[in-house]
**Student:** 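Let me give you the structure first, and then I'll get to my questions.
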Amino acid sequence: MTFRPWRRLGDGRNQPGTPMNLFNDIRAVVIEALTKMAEAGELPQGLDLSNVAVEPPRDPAHGDMATNAAMVLAKPAGMKPRDIADRLAARLTDPRITAAEVAGPGFLNLRLAPAIWHDVVRAALKSGVDFGRSDMGAGSRVNVEFVSANPTGPMHVGHVRGAVFGDALARLLAFSGHDVTREYYINDGGAQVDVLARSAYERYREANGLEPEIREGLYPGDYLIPVGEALKERYGDSLLDRPEDEWLAEIRDFATERMMAMIREDLALLGVQMDVYSSEKALYGTGRIEAAIERLQSQGLIYRGVLEPPKGKLPEDWEAREQLLFKSTAHGDDVDRPIQKSDGAWTYFAPDIAYHWDKIDRGFDQLIDVFGADHGGYVKRMNAAVKALSNGRVPLDIKLVQLVKLFKNGEPFKMSKRAGTFVTLRDVVEEAGADVTRFIMLTRKNDAALDFDFAKVLEQSKDNPVWYVQYANARVNSVLRRAREAGIDVDDSTLAAADLTTLAHPAELALAAKLAEWPRLVEHAARAHEPHRVAFFLYEIASDLHSLWNRGNDETALRFLQEGDAATTQGKIALVRAVGVVISSGLGILGVTPMDEMR
RNA sequence: GCACCCGUAGCUCAGCUGGAUAGAGCGCUGCCCUCCGAAGGCAGAGGCCAGGGGUUCGAAUCCCUUCGGGUGCGCCA
């Protein structure tokens with residue numbers, strides 16, 4: 001029996017941008033059959049086939065794949081689902097499809113030849129960690145803005161999840177064929193960097209032997225002490241007892257730069273690297289903000305007016321004032337938003353509008369902002385601004401990342417070595433490690449709150465998903481080691497060329513079929529901007545491997561190492577290794593290092 | 001008051017952008033190591049998918065509404 005190379009499987013019928021996705025291949029077969037039915041008059045011409053799906057059925061008894069084509073088309077075609085399904089089944093003559101049965105309300109359940117699953121294993125071995133890589137994105141340019149923590153101190157827990165999420169999303173999008181830019185927006189234009197400068201000035205005084213006055217409202221953290229010392233090194237005592245306006249701007253720039261260096265280090269601890277750092281301050285004085293506002297004005301979206309007082313908690317000192325407003329309600333917001341304070345200075349929103357316009361201007365096809373959940377109120381107005389500025393061309397997806405609650409053995413975790421008042425990113429990484437931190441942060445949807453218990457995430461048991469997945473990978477490598485010790489060649493290239501016909505047990509083929517879902521999952525997760533799906537999929541794969549492993553205890557035919565039968569062993573190890581490939585590939589998207597050994 | 005998010009097994013959460021009998025871990029009950037890593041695995045019990053309407057071949061998923069929890073609501077960023 002010979003197998004066609006995987007690349008030819010699609011036979012040119014692959015949808016553009018989706019190599020190696022078996023589900024897309026089979027869908028293409030179904031679509032072609034439907035098209036022929038229309039040509040033959042068995043279906044009306046010109047039906048919308050976009051809702052026709054080919055999916056893995058939940059119940060394995062329903063075969064390997066199922067299509068809803070008959071049900072989706074029944075109404076527009078004015079036919080009974082069963083009739084469509086029957087005729088479709090008759091036209092599915094592709095040799096890969098060994099059976100097509102109509103079931104349930106009109107599903108067409110497909111069974112595929114075992115050789116298909118062997119090809120999946122082979123594809124994984126040949127592609128390595130690139131297995132599942134897709135060109136679905138067709139090189140479209142995506143800007144992922146994330147973290148964007150204020151440059152006033154070290155990153156804290158609140159930033160960690162956003163950093164991990166944004167980076168994993170960026171990796172996922174890159175893996176699925178997008179041209180991704182990771183970007184950090186430095187909020188160095190507001191009052192908070194003045195506070196930073198004053199705080200650093202006190203530390204500068206301290207470095208000169210004076211008593212620092214860390215007044216209420218200044219940043220008290222120890223991390224500014226070295227900044228004070230550096231200031232002393234640079235300025236000596238020349239700035240002591242000078243009025244603020246003589247040193248504020250200089251110290252502000254100096255301290256901001258130092259803070260950004262620190263933040264870069266913090267990000268590096270998590271394995272996060274930005275491509276672009278954009279400065280808010282750099283927008284001032286360039287006319288960019290004015291130009292952006294002018295552009296909105298030209299669309300009739302800027303006016304002077306008075307807002308209704310906010311309902312609910314009314315500030316004591318509230319009084320009606322005329323302000324410059326952006327008519328965000330024209331694009332879905334609830335109220336119009338001020339872009340200028342009553343003293344004429346820009347609100348934070350104004351440079352942010354200019355910044356997003358800049359991103360649009362740089363030619364991105366899609367913008368993604370990762371914000372903390374406390375910025376939820378900002379979503380509609382930003383969407384409105386981007387919609388207006390790009391004339392609806394550039395979609396903006398704002399992902400809100402929910403809070404992380406830290407625990408240790410079930411007790412709320414409070415620690416503040418450096419910062420004085422909060423748990424830093426560094427604290428978290430030093431306590432749990434970057435890999436564990438990243439994985440756990442991705443085991444929940446971004447918009448669901450997350451409990452992070454240091455004791456649990458470091459536990460070595462199946463309660464702990466990181467451990468469980470790493471353990472599966474370690475077992476894969478354990479099998480490979482033992483096979484080599486037995487003198488069996490298990491190099492990927494050898495395994496990929498091996499005869500896999502002995503890989504025929506339903507349990508083994510089921511696992512291979514699970515691997516076939518990986519490329520599909522990548523595309524779905526990327527489309528939904530949901531990297532957590534990768535983490536859950538890895539957990540499932542790990543579970544399947546552990547399960548198959550243990551079945552070998554009772555059924556010796558299922559053991560991966562078959563004594564005295566190198567050929568059969570190679571076939572089984574090809575499957576095991578393919579599992580390892582998918583785990584490594586998935587962990588790569590999560591930014592987690594696979595572990596070969598757990599000892 | 002308004003907006004956004006959430007509500008799924010006793011607990012913590014998935015549920016593949018509308019599919020078939022709603023899943024996993026923990027906890028509970030009972031099993032599996034002379035055998036590839038038992039740091040594992042198998043089986044069982046456990047559900048009005050918060051409640052009520054609607055949309056359609058079909059709803060945990062989409063729309064409306066009620067209840068409950070979180071977050072936000074001009075001159076902070």
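Because the structure is predicted, anything quoted here is derived from the model rather than measured.
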**Student:** Nearest to the A/Gln192 side chain among B/A77, B/C36, B/C6, which nucleotide is it?
**Tutor:**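 The closest nucleotide is B/A77.
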**Student:** Using the P atom as the reference point in each nucleotide, state the distance between B/G44 and B/C26 in Å, no decimals.
**Tutor:**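 One P to the other, the span is 16 Å.
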**Student:** Of the candidate nucleotides B/A77, B/G19, B/C26, which contains the atom at the shortest distance from the side chain of A/Asp463?
**Tutor:**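 Output: B/C26.
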**Student:** Would you mind pulling out the nucleotide paired to B/C16, Watson-Crick or G-U wobble, both distances under 3.5 Å?
**Tutor:** none
**Student:** Distance check, C1' atoms only: B/C5 and B/A45, in whole angstrom units.
**Tutor:**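 After rounding to an integer number of Å, I get 34 Å for this pair.
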**Student:** Please determine whether any donor N or O and acceptor N or O are separated by less than 3.5 Å between the side chain of A/Arg520 and the base of B/C16.
**Tutor:**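 Side chain to base: pair found, below 3.5 Å.
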**Student:** Whether the side chain of A/Arg475 and the base of B/C36 hold a donor-acceptor pair under 3.5 Å is what I'd like checked.
**Tutor:** no
**Student:** Find the distance A/Met65:CE to B/C16:C1' and express it as a whole number of Å.
**Tutor:** 14 Å
**Student:** Answer with yes or no whether the side chains of A/Asp369 and A/Tyr378 bring together a donor and an acceptor at under 3.5 Å.
**Tutor:**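 The criterion, which ignores hydrogens and geometry beyond distance, is not satisfied for A/Asp369 and A/Tyr378.
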**Student:** Classify the nucleic acid contact of A/Tyr539 as base, sugar-phosphate or nothing, counting any heavy atom under 4.0 Å across all strands shown.
**Tutor:**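 The residue A/Tyr539 makes sugar-phosphate contact but no base contact.
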**Student:** Would you mind pulling out the nucleotide paired to B/C35, Watson-Crick or G-U wobble, both distances under 3.5 Å?
**Tutor:**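 Partner of B/C35: none.
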**Student:** Tell me what A/Phe536 touches on the nucleic acid: a base, only sugar-phosphate, or nothing, going by heavy atoms under 4.0 Å.
**Tutor:**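 Sugar-phosphate contact only - A/Phe536 comes under 4.0 Å of backbone atoms but never of a base.
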**Student:** Between B/A77, B/G37, B/G41, spot the one nearest the side chain of A/Tyr468, thanks.
**Tutor:**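 Side chain of A/Tyr468 sits closest to B/G41.
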**Student:** Does either side chain, that of A/Tyr348 or that of A/Asn187, offer a donor lying less than 3.5 Å from an acceptor on the other one?
**Tutor:**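 The answer is yes; a qualifying pair exists.
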**Student:** Less than 3.5 Å between a donor and an acceptor, one on the side chain of A/Asp374 and one on the base of B/G72, is that the case here?
**Tutor:** no
**Student:** Measuring from the side chain of A/Asn68 (C-beta onward, heavy atoms only), which nucleotide among B/C35, B/G19, B/G15 has the closest atom?
**Tutor:**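 Given the options B/C35, B/G19, B/G15, the side chain of A/Asn68 is closest to B/G19.
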**Student:** Measuring only the C1' atom in each nucleotide, how far is B/A24 from B/G41? A whole number of Å is fine.
**Tutor:**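 Approximately 15 Å lies between the C1' atom of B/A24 and that of B/G41.
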**Student:** If only side-chain N and O atoms count, and only distance matters, is there a donor-acceptor pair under 3.5 Å linking A/Ser278 with A/Glu183?
**Tutor:**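 Yes.
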**Student:** Using the P atom as the reference point in each nucleotide, state the distance between B/G19 and B/U65 in Å, no decimals.
**Tutor:** 25 Å
**Student:** With respect to the phosphate group of B/G37, does any side-chain polar atom (N or O) of A/Arg481 fall under 4.0 Å of OP1 or OP2?
**Tutor:** no
**Student:** Taking only side-chain N and O atoms of A/Trp346, does any of them lie within less than 4.0 angstrom of OP1 or OP2 on B/C75?
**Tutor:**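 No, outside the criterion.
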**Student:** Would you kindly give the CG-to-P distance between A/Asp333 and B/G74, to the nearest whole Å?
**Tutor:** 13 Å
**Student:** Between B/A77, B/G19, B/G72, which one does the side chain of A/His375 approach most closely?
**Tutor:** B/A77
**Student:** Is A/Glu459 touching bases, backbone alone, or none of the nucleic acid, heavy atoms closer than 4.0 Å?
**Tutor:**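 Answer is nothing: A/Glu459 stays at 4.0 Å or more from every strand.
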**Student:** CG of A/Asn464 versus P of B/U12: gap in Å, rounded?
**Tutor:** 18 Å
**Student:** Starting from P on B/A14, measure out to CG on A/Leu450 and report it in whole angstrom.
**Tutor:** 10 Å
**Student:** Under a 3.5 Å cutoff, is there a donor and acceptor pairing between the side chains of A/Thr152 and A/Asn150?
**Tutor:**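 No, A/Asn150 and A/Thr152 have no side-chain donor paired with an acceptor closer than 3.5 Å.
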**Student:** Determine the Euclidean distance between corresponding C1' atoms of B/G18 and B/C11; express it in Å to zero decimal places.
**Tutor:** 30 Å
**Student:** Please state whether the base of B/C36 and the side chain of A/Arg482 form at least one donor-acceptor pair under 3.5 Å?
**Tutor:**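 Per atom types, no contact qualifies.
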**Student:** For B/G27, give the paired nucleotide (Watson-Crick: N1-N3 plus N6-O4 or O6-N4; G-U: N1-O2 and O6-N3; both under 3.5 Å), or none.
**Tutor:** none
**Student:** Strictly by modelled atom types, are A/His546 and A/Arg475 linked by a side-chain donor-acceptor pair under 3.5 Å?
**Tutor:**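 Their side chains do contain a donor-acceptor pair, which is all the 3.5 Å distance test asks for.
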**Student:** Check the distance between B/C75's C1' and A/Glu308's CD and give it to me in whole angstrom.
**Tutor:**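 From A/Glu308 CD to B/C75 C1': 17 Å.
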**Student:** Going by atom types alone, do A/Asp188 and A/Thr256 pair a side-chain donor with an acceptor below 3.5 Å?
**Tutor:** no
**Student:** Does B/C26 fall in syn (glycosidic angle within 90° of 0) or anti?
**Tutor:** anti
**Student:** Evaluate the criterion side-chain contact (heavy atoms from CB on, under 4.5 Å) for residue pair A/Glu517 and A/Glu540; output intermediate values, then yes/no.
**Tutor:** CA-CA 11 Å; A/Glu517 289 182 35; A/Glu540 288 169 18; 5.7 Å; no
**Student:** Name the closest nucleotide to the A/Tyr471 side chain, picking from B/C36, B/G37, B/G19.
**Tutor:** B/G37
**Student:** Is A/Glu563 atom CD crowded by more than 12 heavy atoms from other residues, nucleotides or ligands, each under 6.0 Å away?
**Tutor:**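 Count not over threshold, so no.
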**Student:** Whole angstrom is fine here: how far is it from CD in A/Glu540 over to C1' in B/G15?
**Tutor:**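 Spelled out: CD on A/Glu540 to C1' on B/G15 is 9 Å.
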**Student:** So which nucleotide from B/A39, B/A77, B/A14 ends up closest to the side chain of A/Tyr348?
**Tutor:** B/A77
**Student:** Classify the nucleic acid contact of A/Ala449 as base, sugar-phosphate or nothing, counting any heavy atom under 4.0 Å across all strands shown.
**Tutor:**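 Sugar-phosphate, backbone atoms only, no base.
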**Student:** Between A/His529 and A/Asp397, is there a side-chain donor-acceptor contact under 3.5 Å, judged purely by atom types and distance?
**Tutor:**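 Yes - a donor-acceptor pair under 3.5 Å links their side chains.
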**Student:** Heavy atoms under 4.0 Å, any strand shown: does A/Ala74 hit a base, just sugar-phosphate, or nothing?
**Tutor:**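 If one applies the 4.0 Å heavy-atom cut-off, A/Ala74 turns out to touch nothing in the nucleic acid.
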**Student:** Strictly below 4.0 Å: does A/Lys445 bring a side-chain N or O up to OP1 or OP2 of B/G15?
**Tutor:**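 True: A/Lys445 side-chain N/O within range (under 4.0 Å) of B/G15 OP1/OP2.
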**Student:** When you compare B/A50 with B/G69, how far apart are their C1' atoms, in angstrom units rounded to a whole number?
**Tutor:** 11 Å
**Student:** Please tell me if A/Lys341 has a side-chain N or O lying less than 4.0 Å from either OP1 or OP2 of B/A77.
**Tutor:** yes
**Student:** For B/C31 and B/G53, measure between their P atoms and round to the nearest Å.
**Tutor:** 46 Å
**Student:** Ignoring backbone atoms, establish whether A/Ser547 has a side-chain N or O less than 4.0 Å from OP1 or OP2 of B/C42.
**Tutor:** yes
**Student:** A/Arg444 side chain: which of B/U12, B/C4, B/C36 is closest?
**Tutor:** B/U12
**Student:** Which residue lies toward the 5' end of RNA chain B, A/His524 or A/Leu108, if each is placed at its nearest nucleotide?
**Tutor:** A/His524
**Student:** My understanding is that a pair needs two contacts under 3.5 Å, Watson-Crick or G-U wobble. By that rule, which nucleotide pairs with B/U71?
**Tutor:** B/A3
**Student:** Would one find a side-chain N or O of A/His546 under 4.0 angstrom from OP1 or OP2 of B/G25?
**Tutor:** no
**Student:** Let me know the distance between CG of A/Leu442 and C1' of B/A14, rounded to the nearest Å.
**Tutor:**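 From A/Leu442 CG to B/A14 C1': 15 Å.
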**Student:** Do we see a donor-acceptor contact under 3.5 Å between the side chains of A/Ser134 and A/Glu523?
**Tutor:**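 Yes, because at least one side-chain N or O of A/Ser134 sits under 3.5 Å from a partner of the opposite role on A/Glu523.
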**Student:** Respond yes when some side-chain nitrogen or oxygen of A/Lys462 is under 4.0 Å from OP1 or OP2 of B/G40, and no when none is.
**Tutor:**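 False: A/Lys462 side-chain N/O out of range (4.0 Å or more) of B/G40 OP1/OP2.
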**Student:** A/Phe326 CZ to B/C75 C1': how many Å, rounded?
**Tutor:** 19 Å
**Student:** If I pick the C1' atom on B/C73 and the same atom on B/G27, what distance separates them, to the nearest angstrom?
**Tutor:** 42 Å
**Student:** Which part of the nucleic acid, if any, lies within reach of A/Leu521 when heavy atoms closer than 4.0 Å are counted: base, sugar-phosphate only, or nothing?
**Tutor:** nothing
**Student:** Of the options B/A39, B/G37, B/C4, whose atoms approach the side-chain atoms of A/Gln460 most closely?
**Tutor:**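 The answer is B/A39, which lies nearest to the side chain.
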**Student:** Check whether any side-chain N or O of A/Arg551 sits under 4.0 Å from OP1 or OP2 of B/C33, and answer yes or no.
**Tutor:** no
**Student:** Identify, between A/Phe107 and A/Pro338, the residue whose nearest nucleotide on RNA chain B lies closer to the 5' end.
**Tutor:** A/Phe107
**Student:** Mind checking A/Val72 for me? I need base, sugar-phosphate or nothing, with any heavy atom below 4.0 Å counting as a touch.
**Tutor:** base
**Student:** Establish whether the base of B/G37 is bridged to the side chain of A/Ser478 by a donor-acceptor pair shorter than 3.5 Å.
**Tutor:**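 Result: at least one qualifying N/O pair found.
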